[in-house]
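Within every chain, numbering begins at 1; the chains are lettered A, B, ... in the order of the sequence lines, protein sequences first and strands thereafter.
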Amino acid sequence: MSIYDRLNEPQRKAVFTTEGPVLILAGAGSGKTSVITHRIAHLIDDCGINSYNILAITFTNKAAKEMRERVDSLVGYGADAAWIMTFHSACVRILRRYIDRLGYGNNFSIYDTDDQKSVMKDVCKRLEVDTKIYKEKALLSQISAAKDELLKPDDLYQSASGNYNKMRVAEVYREYQEQLKKNNAVDFDDIINLTVELFEKDSEVLDYYQERFKYIMVDEYQDTNTAQFRLIYLLARKSGNLCVVGDDDQSIYKFRGANIMNILNFEQYFKDVSVIKLEQNYRSTQNILDAANSVIRNNTGRKDKSLWTAAVGGSKIFFNIYENGYQEAEGIAADINERISEGFGYNDCAVLYRTNAQSRALEERFLQYNIPYRIYGGINFYARKEIKDILAYLKTVDNAGDDLSVRRILNVPKRGIGTTSMDRIQGYAYDREISFYEALKAAKEIPSIGKAAAKAAPFVELIEGLRAKTGESSVKELIVEVIERTGYIDYLEDNDSPEVVEERRQNIDELISKAVSYEQSVDEPALSGFLEEVALVADIDSLDENNNTVSLMTLHSAKGLEFPVVYMAGMEDGLFPSYMSLSSGDISDLEEERRLCYVGITRAKERLVLSAARMRMIRGETQMNRASRFTDEIPKEYIASSVQSGSGRALRKDDYFSLPPRKPGQIAFKSFQKEAALSGIFDKKELAAEAGGPGYGEGDRVKHMKFGEGTVRDIKTGGRDYEVTVEFDTAGVKKMFASFAKLTKI
DNA sequence: GCCATTTCCCTTTTT
DNA sequence: GGGAAATGGC
């Protein structure tokens, strides 16, 4: 009896094919984590490979942790030296050792999204960029997109070929990058890109890691972007022993730069690839799997595969339509209570939604129904003000070159150093090409800041005092000292209501316990190590299956997880699939949403409940949407409507299937429609629109919000929506869904 | 320099 | 509808 007996034939092949490039196409619930962990065990136990030579890459810390635990339990203690970690933590580890070769200090800071925004704001001010026209966020996302593709500012500049806007973005990118370097800081993308740069520039370092990592495995391979692919390619090039595991049907991170070609073209990038398909699903019942398959079937250009399960039948899928989002939340809460009375635990249930904002209504009802829950995602714990403040103190102690952190806390709590003094200190620093903190130390020399100079001295003393203690004090002690010496709690009490203060105190306590558990879990705890861990965690990493709470999260966060009972809330066109994907004019955006739907459905083991609301308040506007087109793609025989026990009336599915398609030109949603509907105006307008037919026809000139003006070339009336083909004057030919494109006749 | 009010932007998803 | 940032008065 061996540990491999429980594997099926393809799984075994995946485990035992250790040499050369291997592509494992692993459908949802096909036991891919088992395969990777057993493969590592096989390498160590049977092939005599030193665990030191193994690298296994995941996307989330949670996946890494789980994999580490499973490997350890399979191999005992022989697996210690293997690297089982996320892309980001592996790269940070490499950079901590070698980033000085790129001109950074090894104690670099890691900037999160908020930090990036602050830097960008500064950059725009310096370059006199009008942030009304070029939004910081938009600039950052363009830069991030460039980084995903390994493009440098110069590359961007050249590819602009004279286009003023693009050249401007390239300039901003260059300045942004310089500022980061000046602060001795890197952003999330840099973590990957600088590692690639290091490998490409320094053959000594590359050799070292190529020699070390003779066996490389990559999980969730379909989500890798160009930079990550390059990284893996560089590392694996020498040994050729690269095993990637992925599922093109679960690729849902195109917006983050994931390049689906990495998986579709893997066999072109590497020679003599062994391709192994894992198609047996061990997770869901037949009904759930059939529904998932019938949805994903509508996508084009997939790798051919078909999931099957030995678990026949199972209960039908439920689909409930409610009047509004509140009733939907109530219906879900009521359904959960019924499950609990049947013997399910709260932790067996998860509610999945498309956008974080949807959690609010659910949260309210769950409180009302006394359902214990936990929301994952949304505002990151480490993005909270009080946490960021304290971390900024620690970062300043750790890396005084991090101007951003110093500036954040110089006047928090208030020290009477306002924006004017702050700007003057900054100016002084620029002139002398020194850091903000160094300028602060020399505050007496700055003539223009007057009294503020004296106020800066105690701050500098505080930081220096803390720095002197980093060797002997624990991270916990440092945090406590920051709080006590700054009077941080008093500061909170002066500014916030008692409830908010209490909440912030609890968060600070949680930070302290995180520091303690960090110090217990690491061999050589250090301040920089703690800051690094803190920068790279995602909320979902803290999901603990043993907590008896219902999990609420986005569909994206749910990838890789499974639950006996899954609710998919907000199944409405415009919400899921998102409005953006419907109006972009790019069918592949819709296909990504469909994959997301597939991911959601395949999370469910036993019971899947879909729901939609006729009316929903989004951003203070009431929207009225038809049910999601994805629900149409599930054959009726798999669907039932559950009995409604709450106050909301669940409609029969036929009610919804007979909804009329929206006509071209008809406005999808506007806040005034709610009032108009109440006064009856709306109804008349809608009738008028329907009687009058499409608001435009073939040959008409129309205007689109994003693409400008164009001519309608074709209108297809097939199906429930209208597919309009428009030839735009500047943007080219686009196909789009009439109900969402908001085309107006001109 | 500080505080209150107004304005803005947001919401697609995140390591 | 809500939270953060900008603005303007003191």
Side-chain angles (χ1 to χ4, degrees), chain A residues 57-64 85-92 110-114 116-118 121 131-132 135-138 141 144 147-148 186-192 220 223-225 227-228 251-258 325 352-361 376-380 382-385 411 414-423 449-452 455 494-495 500 535-541 553-560 570 574-584 589-590 592-593 595-597 599-600 616-623 671:
Chain A
I57 297 273
T58 63
F59 271 81
T60 66
N61 295 297
K62 184 181 189 309
M85 47 181 94
T86 65
F87 267 108
H88 289 85
S89 27
C91 287
V92 166
I110 299 167
Y111 278 3
D112 67 13
T113 326
D114 282 348
Q116 286 180 285
K117 245 177 158 172
S118 308
K121 219 175 189 177
T131 50
K132 287 255 154 37
K135 302 258 182 334
E136 286 98 339
K137 247 184 99 178
S141 75
S144 178
K147 286 184 176 181
D148 287 340
V186 303
D187 65 21
F188 283 124
D189 299 319
D190 286 343
I191 291 172
I192 311 294
E220 304 282 11
D223 290 330
T224 51
N225 64 28
Q228 288 159 338
S251 163
I252 55 174
Y253 282 110
K254 193 177 107 180
F255 74 94
R256 210 169 68 188
L352 312 182
Y353 36 77
R354 181 64 179 81
T355 66
N356 281 306
Q358 287 167 259
S359 64
R360 176 154 269 152
Y376 297 90
I379 313 152
N380 189 327
Y382 294 102
R384 287 164 212 266
K385 179 197 145 48
N411 204 30
K414 299 251 181 312
R415 295 188 176 85
I417 306 172
T419 40
T420 317
S421 304
M422 209 92 100
D423 287 348
I449 60 170
K451 281 179 285 181
K455 294 172 184 163
D494 290 344
N495 288 282
V500 174
L536 296 178
V537 294
D539 207 13
I540 197 72
D541 295 332
M553 67 184 83
T554 61
L555 288 149
H556 281 88
S557 297
K559 194 168 63 135
L575 188 58
F576 186 39
S578 75
Y579 170 73
M580 300 287 259
S581 67
L582 290 167
S583 61
S584 77
D589 286 342
L590 179 64
E592 176 142 318
E593 298 277 313
R595 291 193 291 271
L596 193 54
C597 184
V599 166
R616 186 184 296 277
M617 179 88 94
I618 296 176
R619 269 191 285 160
E621 286 187 4
T622 300
Q623 303 189 352
S671 57

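- In this structure, the aromatic ring of A:Phe59 is not positioned over the six-membered ring of the base of B:dT15 within 5.5 Å between centres and 30° between planes.
- Between the CG atom in A:Leu536 and the CG atom in A:Asp541 there is a gap of 9.5 Å [rounded to 0.5 Å].
- For A:Ser578, no side-chain nitrogen or oxygen approaches OP1 or OP2 of B:dT13 to under 4.0 Å.
- A:Asn225 CG to A:Lys254 NZ: the interatomic distance, rounded to the nearest 0.5 Å, is 14.0 Å.
- Between the CD atom of A:Gln358 and the P atom of B:dC10 there is a distance of 19 Å, given to the nearest Å.
- For A:Ser421, taking side-chain heavy atoms from C-beta onward, the closest of the listed nucleotides B:dT14, B:dT11, B:dG1 is B:dG1.
- Between A:Tyr353 atom OH and B:dT13 atom P there is a gap of 10 Å when expressed in whole angstrom units.
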Test salt bridge (Lys or Arg N to Asp or Glu O under 4.0 Å) on A:Lys147 and A:Asp190 and set out the steps. CA-CA 8 Å; A:Lys147 286 184 176 181; A:Asp190 286 343; 2.8 Å; yes
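- Computed from coordinates, the A:His556 NE2 to B:dT13 P distance equals 9 Å when rounded to whole Å.
- Expressed to the nearest 0.5 Å, how far OG of A:Ser141 lies from CD of A:Gln116 amounts to 10.5 Å.
- Exactly one residue among A:Ser581, A:Ser583, A:Ser584 makes a side chain to side chain donor-acceptor pair (under 3.5 Å) with A:Asp589. That residue is A:Ser584.
- Taking CZ from A:Arg360 and OH from A:Tyr353, the interatomic distance works out to 11.5 Å, rounded to the nearest 0.5 Å.
- Between A:His88 and A:Phe188, the ring planes are perpendicular. Angles over 60° get that label, and only those under 30° would be called parallel.
- Rounded to whole angstrom, the span from the CZ atom of A:Phe188 across to the C1' atom of B:dT13 amounts to 15 Å.
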Given pairs defined as Watson-Crick or G-U wobble with both distances under 3.5 Å, what dot-bracket annotation applies to DNA chain B, with ( ) intrastrand, [ ] crossing, | other strand and . unpaired? ||||||||||.....
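- OP1 or OP2 of B:dT11 has at least one side-chain nitrogen or oxygen of A:Lys137 nearer than 4.0 Å.
- Comparing atom distances between the A:Arg360 side chain and each of C:dA6, B:dT13, C:dG3 picks out C:dG3 as nearest.
- The side chain of A:Asn356 has B:dT13 as its nearest neighbour among B:dT13, B:dT15, B:dC2.
- For A:Tyr382 and B:dT14, the OH to P distance is 18 Å, given to the nearest whole Å.
- Of the listed nucleotides (B:dC2, B:dT15, B:dT13), B:dT13 has the atom at the smallest distance from the side chain of A:Thr355.
- Among the heavy atoms of the strands lying under 4.0 Å from A:Asn411 are primed sugar atoms or P, OP1, OP2 only; no base atom is included.
- The A:Lys414 side chain lies nearest to B:dC3 when the options are B:dC3, B:dT13, B:dG1.
- Side-chain proximity of A:Lys135 to B:dC9, B:dT14, B:dG1: nearest is B:dC9.
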Taking only nitrogen or oxygen atoms into account, show me every contact under 3.5 Å that the protein makes with nucleotides 8-10 of chain C, one pair per line with its distance.
none

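- Here A:Glu593 lies in heavy-atom contact (under 4.0 Å) with a base.
- Note: A:Thr86 OG1 to A:Ile57 CD1 = 7.5 Å, rounded to the nearest 0.5 Å.
- In this structure, CG of A:Asn225 is placed 17 Å from P of B:dT14, rounded to the nearest angstrom.
- For A:Phe255, whose side chain is taken as the heavy atoms from C-beta onward, the closest listed nucleotide among B:dT11, B:dT13, C:dG1 is B:dT13.
- Between the P atom of B:dT14 and the CG atom of A:Leu352 lies a distance of 12 Å, rounded to the nearest Å.
- Closest contact between the side chain of A:Lys121 and the listed nucleotides B:dT14, B:dC2, C:dA6 involves C:dA6.
- Summarising the geometry, atom NZ belonging to A:Lys559 is positioned 14.0 Å from atom CG belonging to A:Leu352; distances are rounded to the nearest 0.5 Å.
- Using modelled atom types, no side-chain atom of A:Arg415 and backbone atom of A:Lys455 make a donor-acceptor pair closer than 3.5 Å.
- Heavy-atom nearest nucleotides on DNA chain B were determined for A:Arg415 and for A:Met580, and the one closer to the 5' end corresponds to A:Arg415.
- Under a 3.5 Å cut-off, the side chain of A:Asp223 and the backbone N or O of A:Ala258 do not form any donor-acceptor pair.
- Taking atom CE on A:Met422 and atom P on B:dC2, their separation rounds to 10 Å, with Å as the unit.
- Between A:Gly416 and A:Asp541, the one whose closest nucleotide on DNA chain B sits nearer the 5' end is A:Gly416.
- Comparing B:dT15, B:dT14, C:dG3 by their closest approach to the side chain of A:Thr60 singles out B:dT15.
- When the side-chain nitrogen and oxygen atoms of A:Ser557 are compared with OP1 and OP2 of B:dT13, none of them lie within a distance under 4.0 Å.
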